[in-house]
Amino acid sequence: QVQLVESGGGLVQAGGSLRLSCAASGRTFRRYVMGWFRQAPGKEREFVAACSLSGDTTIYTDSVKGRFTISRDNAKYTVYLQMNSLKPEDTAVYYCAASTILIRTTTEYDYWGQGTQVTVSS
């Protein structure tokens, strides 16, 4: 089992940057694909990015390509989401999650953090 705790959210102006972190408990972190999802008010939770066990392979939703970067540090049991050129439409609660496969599907992720709020003002 994996416990996940996100941090790094906050309020930022459009065009600004934030870096989210997700700290995992236990050495099993290395066995999991890690993903980031987000949920805006009144909308379904959506996939943002994911990276493979080593971090060498990454996938992104089209709306964040070129602006967001997912990475992981297996020695620190942590996954990151660097978010640049933020837009008001990026406003959401951001969640990290763990899966056994590199996939965009929410239901394939077994473990979830509690979320961190990101608000982008125009």
Side-chain angles (χ1 to χ4, degrees):
Q1 202 166 13
V2 179
Q3 293 182 328
L4 304 172
V5 179
E6 302 96 334
S7 62
L11 173 64
V12 64
Q13 288 188 333
S17 298
L18 282 174
R19 187 176 82 155
L20 305 183
S21 299
C22 173
S25 64
R27 297 178 180 180
T28 57
F29 176 76
R30 298 171 182 265
R31 303 177 187 173
Y32 291 97
V33 165
M34 297 302 298
W36 285 97
F37 292 76
R38 65 187 180 187
Q39 188 167 18
K43 295 187 177 181
E44 292 187 354
R45 192 169 299 187
E46 65 172 356
F47 171 80
V48 175
C51 67
S52 61
L53 302 182
S54 65
D56 289 345
T57 302
T58 57
I59 54 174
Y60 297 91
T61 192
D62 286 347
S63 62
V64 308
K65 284 181 181 177
R67 300 189 299 123
F68 291 11
T69 302
I70 187 172
S71 62
R72 65 191 294 164
D73 185 335
N74 285 339
K76 295 183 178 179
Y77 309 146
T78 301
V79 62
Y80 304 97
L81 186 68
Q82 178 67 44
M83 305 186 295
N84 299 328
S85 302
L86 282 160
K87 305 175 181 180
E89 51 263 44
D90 294 318
T91 295
V93 177
Y94 282 71
Y95 299 89
C96 69
S99 174
T100 56
I101 53 175
L102 187 61
I103 196 166
R104 304 166 187 264
T105 308
T106 307
T107 54
E108 294 293 337
Y109 285 76
D110 301 309
Y111 302 103
W112 293 83
Q114 83 290 345
T116 186
Q117 176 71 47
V118 172
T119 303
V120 185
S121 63
S122 57

Restricting to non-hydrogen atoms, name the atom on [X] and the atom on [Y] that form the minimum distance, rounded to 0.1 Å.
X      : Y     : value
Arg104 : Ile59 : CG-CD1, 3.9 Å
Leu102 : Ala50 : CD1-CB, 3.7 Å
Leu4   : Ala24 : CD2-CB, 3.6 Å

Ignoring hydrogens and angles, tell me if any N or O in the side chain of [X] forms a donor-acceptor pair with the backbone of [Y] under 3.5 Å.
X     : Y      : value
Thr57 : Ser52  : no
Glu6  : Gln114 : yes
Arg30 : Ser54  : no
Gln13 : Ser121 : no
Asn84 : Thr69  : no
Tyr60 : Ile70  : yes
Ser25 : Gln3   : yes
Arg45 : Val93  : no

Between [atom1] of [X] and [atom2] of [Y], what distance do you get to the nearest 0.5 Å?
X     : Y      : atom1 : atom2 : value
Arg72 : Thr58  : CZ    : OG1   : 12.0 Å
Glu44 : Gln39  : CD    : CD    : 8.5 Å
Thr91 : Gln117 : OG1   : CD    : 7.5 Å
Lys87 : Ser122 : NZ    : OG    : 14.0 Å

ask   = What residue pairs, at least two apart or across chains, pass salt bridge (charged side-chain N to carboxylate O under 4.0 Å, His left out) with a residue in residues 89-98?
value =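 Salt bridge (charged side-chain N to carboxylate O under 4.0 Å, His left out) check on residues 89-98 returns Arg38-Asp90, Arg67-Asp90.
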Same cluster (ILVMFWY, side-chain, under 4.5 Å), [X] and [Y]:
X      : Y     : result
Ile103 : Val48 : no
Val79  : Tyr95 : no
Val120 : Phe68 : yes
Leu18  : Tyr80 : no

task = Determine, stepwise, if the pair Val33 / Thr100 fulfils side chain to side chain contact (heavy atoms under 4.5 Å, CB included).
result = CA-CA 6 Å; Val33 165; Thr100 56; over 6 Å; no
request  = Any pair with a residue in residues 12-45 that passes ring pair (Phe, Tyr, Trp, His ring centres under 6.0 Å), sequence neighbours left out, goes on the list, sorted by first then second residue, please.
outcome  =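 Of all non-adjacent pairs touching residues 12-45, those that pass ring pair (Phe, Tyr, Trp, His ring centres under 6.0 Å) are Tyr32-Tyr111, Phe37-Phe47, Phe37-Tyr109, Phe37-Trp112.
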query = Of all residues at least two apart in sequence or in a different chain, which pass the salt bridge (Lys or Arg N to Asp or Glu O under 4.0 Å) check with Lys43?
reply =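 Not a single residue meets the salt bridge (Lys or Arg N to Asp or Glu O under 4.0 Å) criterion with Lys43.
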